[in-house]
Amino acid sequence: MENTKDLLFRFILKDSYLSSEELKVHSCELFYFIIHPSCVSILHNPEGKADSSGMFDGYDSCSEDTSSSSSSEESEEEVAPLPSSLPIIKNNGQVYTYPDGKSGMATCEMCGMVGVRDAFYSKTKRFCSVSCSRSYSSNSKKASILARLQVTGKPPTKKAKVLQKQPLVAKLAAYAQYQATLQNQAKTKAVSLESFSWGNYINSNSFIAAPVTCFKHAPMGTCWGDISENVRVEVPNTDCSLPTKVFWIAGIIKLAGYNALLRYEGFENDSGLDFWCNICGSDIHPVGWCAASGKPLVPPRTIQHKYTNWKAFLVKRLTGAKTLPPDFSQKVSESMQYPFKPCMRVEVVDKRHLCRTRVAVVESVIGGRLRLVYEESEDRTDDFWCHMHSPLIHHIGWSRSIGHRFKRSDITKKQDGHFDTPPHLFAKVKEVDQSGEWFKEGMKLEAIDPLNLSTICVATIRKVLADGFLMIGIDGSEAADGSDWFCYHATSPSIFPVGFCEINMIELTPPRGYTKLPFKWFDYLRETGSIAAPVKLFNKDVPNHGFRVGMKLEAVDLMEPRLICVATVTRIIHRLLRIHFDGWEEEYDQWVDCESPDLYPVGWCQLTGYQLQPPASQSSRESQSASSKQKKKAKSQQYKGHKKMTTLQLKEELLDGEDYNFLQGASDQESNGSANFYIKQEP
């Protein structure tokens, strides 16, 4: 058997092919040889291990010319991996899947060609032709494409072709169905996602992101600690020619939420290899992790000639420097454990009738966000997105306990596997004393309109429930049956005393059809014979939230709550934030509380695997502009509240099953009989 030194010579001098299995077996030993730039001599580490700091002994002698060859397939043209789930096609009693399923189709283990299984050679259908079968047998030392795919995770390097032996109609039908699926998926995307990078977006515009400590509900929100600029971390070294992953130390240059701009130690003021990464990622470690884990520290190839003693350089640079806590990765993992699980039952607002709740079942949990499917949805498409701390979800039995309207389910018993969520998992509301002076029906106040979150409107308390909950309606825009009343708690940051907007120079939206403008509260109260809710009953707490105007973040578009978008804080009124969606006009802005669970740090979507919607594209803005013109025209038309629900029902019929989410209904700008819905749509 060849020794490690001989294998290394083969690898460097490219005298022969070094298989992935050989590399895997000898990788540990290979790393303790030091490669001379001339590729003539090899120095062996006599101890067979790295020193206590994780540095390679003698690596300092390497120059920037040091290089290693890659496997032969890396130089070939690569294509995107084939989809894992594809449609089943039936033709003349035969079942096919396109293009790589278990029945109907097959993949050649030699060349990677995809084709109809019956057209393949031999009884086992492993090869597309006699030639591939013989080549595989005569060259057994080389791994097949499938073997390389399993070892390296890379897709086949030859473009797949469909063999022309089975009836062409079956293959064409499969391909057509596959293309239709891709087109349908493309329609649900707002803009191209590939071109957006938070790092480039922040750097090119000198933006500042809201710090993670502003988001107490987000992972690490309460234990971000002293993570700041100049903190040192150990990260993978991408400027290296060695065949496996090695690490080097980098310092944080700039923070943007979870994302950090890093610079390798030794580059001083040179930003040429600066890079962005998510601090909570699995490849980011505190200084000392490599030494404890037996991983090598290797300086970047670009600067490896700068110092002859890298160990001394690091000792000098790192003395007194800050790094991540030793248990940082453990804290990240713990902060991303969520108590809500699939199959849990909850009560959630009915997105078609805001005044009541319905039973829904947790379908999935992503970063604490829940996809809830209404229990009566047979095809499981009637869903609703919200955070587990949202005030819109409650434990089973909540509605009955406070006197809230509730839609009884047609399902007489729980489905198998479904179970009620424990009440202690839900966000707690502040206890209030309703025995003394309290809110009463008919009292006036100002409230954020949940159907148009860019406006604060004149509102009325329509019903007082138990435990401090109130049913509120927007004056001039209420349905006759009260189906658009919405429930706020007395301590909610979304309701305000009379005069709040005037004091804070916010435009108050008067009742629809009210002609005595500018609106004056004193005159309106006298004309309606109403009284204002006492100021002392409203929530006056203003936390030290840390937000500043201009900060970037990721925010839920509550008009389409499954979407999380690139956003900016544009105004701050005490604890109230005005959130602007980048690329969209101001009509789509939202008033949101500083502690809303629908706001997240930059990098949250990347960390949790949720899809981020980038700023609107040019086509989206043009479409938006046309919508805005219709909007302005509608403002001059009188609205009759009784027809609001009729218009909502009309929209539901026109959509014929499309998503119709809470906060996505008729806006404040909707006119009498109009079927236009001025909401932010996903292009």
Side-chain angles (χ1 to χ4, degrees), residues 198-199 201-203 205-231 252-261 276-280 322 324-325 328 331-332 334-336 367-369 387-391 427-428 430 448 453 491-494 496 500 504-506 538-558 564-582 589-608 610 612:
W198 260 123
Y201 192 57
I202 293 286
N203 267 358
N205 299 280
S206 299
F207 290 140
I208 298 176
V212 174
T213 52
C214 292
F215 310 88
K216 305 302 181 186
H217 60 282
M220 302 298 291
T222 58
C223 51
W224 194 242
D226 296 326
I227 298 175
S228 60
E229 295 179 4
N230 296 321
V231 166
I252 298 177
I253 303 299
K254 184 176 183 178
L255 273 175
Y258 294 116
N259 294 344
L261 180 63
W276 285 89
C277 71
N278 195 304
I279 286 293
C280 295
K322 291 182 178 180
L324 300 177
F328 183 78
K331 287 184 177 180
V332 171
E334 291 174 353
S335 68
M336 295 182 67
R369 299 203 79 222
H387 193 272
M388 63 183 183
H389 294 154
S390 170
K428 300 294 188 296
K430 184 178 179 180
I448 297 176
L453 292 162
T491 61
S492 169
S494 298
F496 317 96
F500 173 84
N504 294 288
M505 293 181 289
I506 300 173
F538 292 86
N539 182 10
K540 303 180 187 65
D541 295 336
V542 181
N544 184 18
H545 49 69
F547 286 103
R548 299 290 181 270
V549 171
M551 283 182 170
K552 297 292 178 182
L553 69 163
E554 298 176 2
V556 176
D557 178 2
L558 293 170
I564 297 182
C565 310
V566 172
T568 308
V569 178
T570 56
R571 283 197 72 184
I572 301 176
I573 308 295
H574 306 304
R575 64 181 299 145
L576 194 63
L577 310 179
R578 188 164 180 91
I579 302 299
H580 174 74
F581 295 107
D582 290 16
D589 290 1
Q590 296 177 171
W591 287 109
V592 180
D593 182 62
C594 64
E595 294 183 339
S596 168
D598 295 311
L599 304 178
Y600 305 98
V602 165
W604 181 89
C605 283
Q606 179 188 3
L607 176 64
T608 60
Y610 204 97
L612 175 68

When you measure from the side chain of Asn259 to the backbone N and O of Trp198, does any donor-acceptor pair fall under 3.5 Å? no

Any side chain to side chain donor-acceptor pair (under 3.5 Å) involving residues 564-574? Give me the pairs, sequence neighbours left out, ordered by first then second residue. Asn504-His574, Lys552-Thr568, Thr568-Asp582

In short, Leu612 meets Cys565 closest at the heavy-atom pair CD1-C, 3.9 Å

Contact summary for Cys214 and Phe547, nearest pair of heavy atoms: CB-CZ, 3.6 Å

Below 4.5 Å, heavy atoms only, C-beta onward: do Val592 and Leu453 meet side chain to side chain? no

Would you say that more than 12 heavy atoms from the other residues, nucleotides or ligands in this model lie under 6.0 Å from the CD1 of Ile208, or not? no

Does atom NZ of Lys254 have more than 12 heavy-atom neighbours, drawn from other residues, nucleotides or ligands, at distances under 6.0 Å? yes

Strictly by salt bridge (charged side-chain N to carboxylate O under 4.0 Å, His left out), give each pair with a member in residues 217-230 just once, sequence neighbours left out. none

Between CG of Leu599 and CG of Leu577, what distance do you get to the nearest 0.5 Å? 6.5 Å

What distance separates Ser492 OG from Lys430 NZ, expressed to the nearest 0.5 Å? 13.0 Å

Between Thr608 (side chain only) and Trp604 (backbone N and O only), is there a donor and an acceptor less than 3.5 Å apart? yes

Parallel, tilted or perpendicular: which describes the rings of Phe496 and Phe500, with under 30° parallel and over 60° perpendicular? parallel

So which heavy atom on Trp276 is nearest to which on Ala256, and how close? CZ3-CB, 3.8 Å

When you measure from the side chain of Tyr258 to the backbone of Met220, do you find a donor-acceptor pair of N or O atoms at a distance under 3.5 Å? no

Kindly state whether the ring of Phe207 and the ring of Tyr201 have centres lying under 6.0 angstrom apart. yes

Straight-line distance of Ile506 CD1 to Leu576 CG, nearest 0.5 Å: 6.0 Å

Side chains of Pro597 and Phe215 in contact at under 4.5 Å (non-hydrogen atoms): no

Candidate pair Cys280 and Phe328, rule side chain to side chain contact (heavy atoms under 4.5 Å, CB included), full reasoning: CA-CA 8 Å; Cys280 295; Phe328 183 78; 4.2 Å; yes

Asp541 side, atom CG; Arg575 side, atom CZ - distance, nearest 0.5 Å: 6.5 Å

Using modelled atom types only, decide if a donor and an acceptor are shared between the side chain of Glu554 and the backbone of Gly603 within a distance under 3.5 Å. yes

Does any non-hydrogen side-chain atom of Arg369 lie less than 4.5 Å from one of Ile564? yes

Can you tell me if Ser596 uses its side chain to pair, donor with acceptor, with the backbone of Asp593 under 3.5 Å? no

Side-chain contact test, heavy atoms from C-beta onward, threshold under 4.5 Å: evaluate it for Leu607 versus Tyr600 and give yes or no. no

Tell me every residue that passes salt bridge (Lys or Arg N to Asp or Glu O under 4.0 Å) with Arg578, counting only those two or more places apart in sequence or in another chain. Asp589

Using the side chain to side chain contact (heavy atoms under 4.5 Å, CB included) definition, which of the options Leu255, Ile252, Asn203, Ile202 pairs with Leu261? Asn203

Can you confirm whether Phe581 sits close enough to Asp557 that some side-chain heavy atom of one is under 4.5 Å from a side-chain heavy atom of the other? yes

Is it true that atom NZ of Lys540 has more than 12 heavy atoms of other residues, nucleotides or ligands lying nearer than 6.0 Å? yes

Can you confirm whether His545 sits close enough to Glu595 that some side-chain heavy atom of one is under 4.5 Å from a side-chain heavy atom of the other? no

Gly257 to Ala209 - nearest heavy-atom pair and separation: N-CB, 3.7 Å

